Amino acid sequence: MNMDTVTVLKFGGSSVADNIRLNMVAEKIISIKEEEKNIVVVVSAQGKTTDQLIKEAKELSAVPDDREMDVLLSTGEQISMSKLAILLKRMGYDAISLTGWQAGMYTNKTNQNAKIETIDTTRIEEELKKGKIVIVAGFQGINEKGDITTLGRGGSDTTAVAIAAALKAKHCYIFSDVDGVYTTDPKKIPDAQKLPTLSYTEMLEIANEGARVLHNRCIEVGKKYHIPIITKSTFNDKPGSVVQDKIEDTSVKSIVKNDDIILVDIYEEENPQKWLSFLWKLGIDANHFMIKENHLYFTIKNSVLNKFQEVLEKELQEKEVKYHSISRIAIVGHGIKNDTTVMEKVLKIIEKNHLEIFTLEESESKIVIMFTKQVEPSILEQLHEDLCAQNKFI
Ligand code: ASP
Ligand code: MG
């Protein structure tokens, strides 16, 4: 079989959430099947199924057994894949659903955050040769002991791109409830433009800044195996955004503003550094550690603040810890460093608005500014206007 002809389509949890949406997904698959002979579909669990399963397990045990959690969580994707196969068959299309292990997804041993090691595509290829639409459960695999593993939250994207790489597919579609990748959040800035293309590095930066379009591990797999990833909406026919290899490109692609950050300031007369190992052991996702005079500063997400306060305040006096809500703005675009006008424009806006910077970092494809306070939405508007609005991406 000429494997160049394989197309991989992935549908996220909200796309398969109920029977009405499953019908829309089936229609979409059928319309693509008319053009492409070999189709592999990867599905997530329906709606909030995975969250619900985690909640139920935690009702039974505060620390559920790792192995059994993977057995439980992998059931979500089995429900959506079998429902979709039942539906496609009723509509007259031959389809077959395969679990991660039936599809040859071999992973390492790490429960709930397993990494894909190899994919034995024999079964998928056999079923494609029979003319079937092959539906694979995302997010799951099997380890060398023959036990079920899962790939970490949002991992179905990674299943899809990894299968596309193993089958040397032309590209991998990631269908979801968003239209693609924008120059900034279109809910905040109506002038935001959809990007027709962007590089893997740019997409990784955007994903790491918290834009929830793609799972970051899937972007890494796409980059490594040169698989173009097309993000599109399940619910309309608008063109999406293509994440692909790019040789050179210097414009600013996207600006991400994050107001969900807490700057923690611990005051310690003797040795603020001593808190580092304590924090490390807590296992809370903290970033941007900085020690200055008698203060240790770092950032955490707003969502972990309560848990964090609980633990920390047992150890420290209240007066020694301060929490500030701050904003972080990331300006992403390959080659930003080579274009000095970008930084000039950014600094001009910061000065004009009398904003106080906490940290400023510049790398090959990103400028990140953390402010000492939350900044107004109009700052994002001004940055977008000066850095993105003149670029006509379409
Ligand atoms: N169902 C899993 C989750 O909710 C995997 C995925 O949706 O990609 O994290
Ligand atoms: Mg998802």
Side-chain angles (χ1 to χ4, degrees), residues 8-18 21-22 24-25 28 40-58 64 66-85 97-103 105 107-108 110-116 119 135-143 148-165 172-178 181 203-204 206-208 210-222 227 229-235 240 243 285 301 303:
V8 177
L9 320 174
K10 183 258 171 180
F11 293 92
S14 62
S15 299
V16 295
D18 53 36
R21 288 169 193 231
L22 277 170
M24 292 166 94
V25 166
K28 196 119 221 168
V40 177
V41 180
V42 174
V43 285
S44 288
Q46 294 188 280
K48 300 254 175 269
T49 305
T50 311
D51 290 329
Q52 182 61 26
L53 291 171
I54 293 173
K55 186 171 159 262
E56 287 170 18
K58 290 201 168 152
D66 265 348
R67 180 191 180 278
E68 300 311 324
M69 267 316 255
D70 277 347
V71 179
L72 179 67
L73 298 190
S74 64
T75 61
E77 273 68 14
Q78 284 198 53
I79 295 173
S80 32
M81 71 174 193
S82 50
K83 283 186 177 175
L84 188 57
S97 68
L98 300 175
T99 60
W101 39 105
Q102 289 172 321
M105 300 286 298
T107 73
N108 66 5
T110 324
N111 291 100
Q112 280 133 80
N113 201 19
K115 301 283 177 313
I116 301 167
I119 306 180
I135 306 168
V136 180
F139 175 59
Q140 56 178 253
I142 191 166
N143 66 20
I148 298 172
T149 52
T150 59
L151 306 183
R153 297 306 306 273
S156 297
D157 288 354
T158 304
T159 305
V161 181
I163 288 180
C172 180
Y173 286 96
I174 305 281
F175 285 100
S176 70
D177 49 11
V178 296
V181 188
M203 188 66 240
L204 258 178
I206 296 169
N208 288 337
R212 281 179 296 129
V213 192
L214 290 175
H215 195 226
N216 45 11
R217 272 165 57 197
C218 93
I219 309 162
E220 271 156 19
V221 177
I227 303 290
I229 305 171
I230 307 168
T231 75
K232 267 168 90 74
S233 166
T234 309
F235 307 112
V243 184
D285 190 13
K301 284 190 191 145
S303 53

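What you see is a predicted model, and the numbers here were worked out from it, not measured in a lab. Read the numbers this way: they start at 1 and go in the same order the structure lists the ligands and their atoms.
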- Message: Within the 4.5 Å heavy-atom criterion, are Q140 and I142 side-chain neighbours or not?
- Response: no

- Query: Is any N or O atom of S44, backbone or side chain, closer than 3.5 Å to an N or O atom of ligand 1?
  - Reply: yes

- Message: Is there a side-chain contact between I174 and H215 in this structure, where contact means two heavy atoms from C-beta onward sitting under 4.5 Å apart?
- Response: no

- Query: Which value, rounded to the nearest 0.5 Å, describes the distance between R153 atom CZ and L73 atom CG?
  - Reply: 7.5 Å

- Distance, nearest 0.5 Å, that separates CE of M69 from CD1 of I54: 5.0 Å

- Message: Please check this pair: side chain of S97 against backbone of I135, looking for a donor-acceptor N/O pair closer than 3.5 Å.
- Response: no

- Message: Yes or no: does G76 have any heavy atom under 4.0 Å from an atom of ligand 1?
- Response: no

- Query: If you count the atoms of ligand 1 from 1 in the order shown, which ones are under 4.0 Å from a heavy atom of R153?
  - Reply: 3 (C), 4 (O), 9 (O)

- Mind checking whether D157 has an N or O less than 3.5 Å away from an N or O of ligand 1? no

- Task: Looking only at distances, please establish whether an N/O atom of ligand 1 is found under 3.5 Å from an N/O atom of G154.
- Result: yes

- Item | Close-contact set for ligand 1 against T50 heavy atoms, below 4.0 Å | 1 (N), 2 (C), 3 (C), 4 (O)

- From the options Q112, E77, Q52, select the one whose nearest heavy atom is closest to atom 5 (C) of ligand 1. E77

- So, do M105 and L98 sit near enough that their side-chain heavy atoms are less than 4.5 Å apart? no

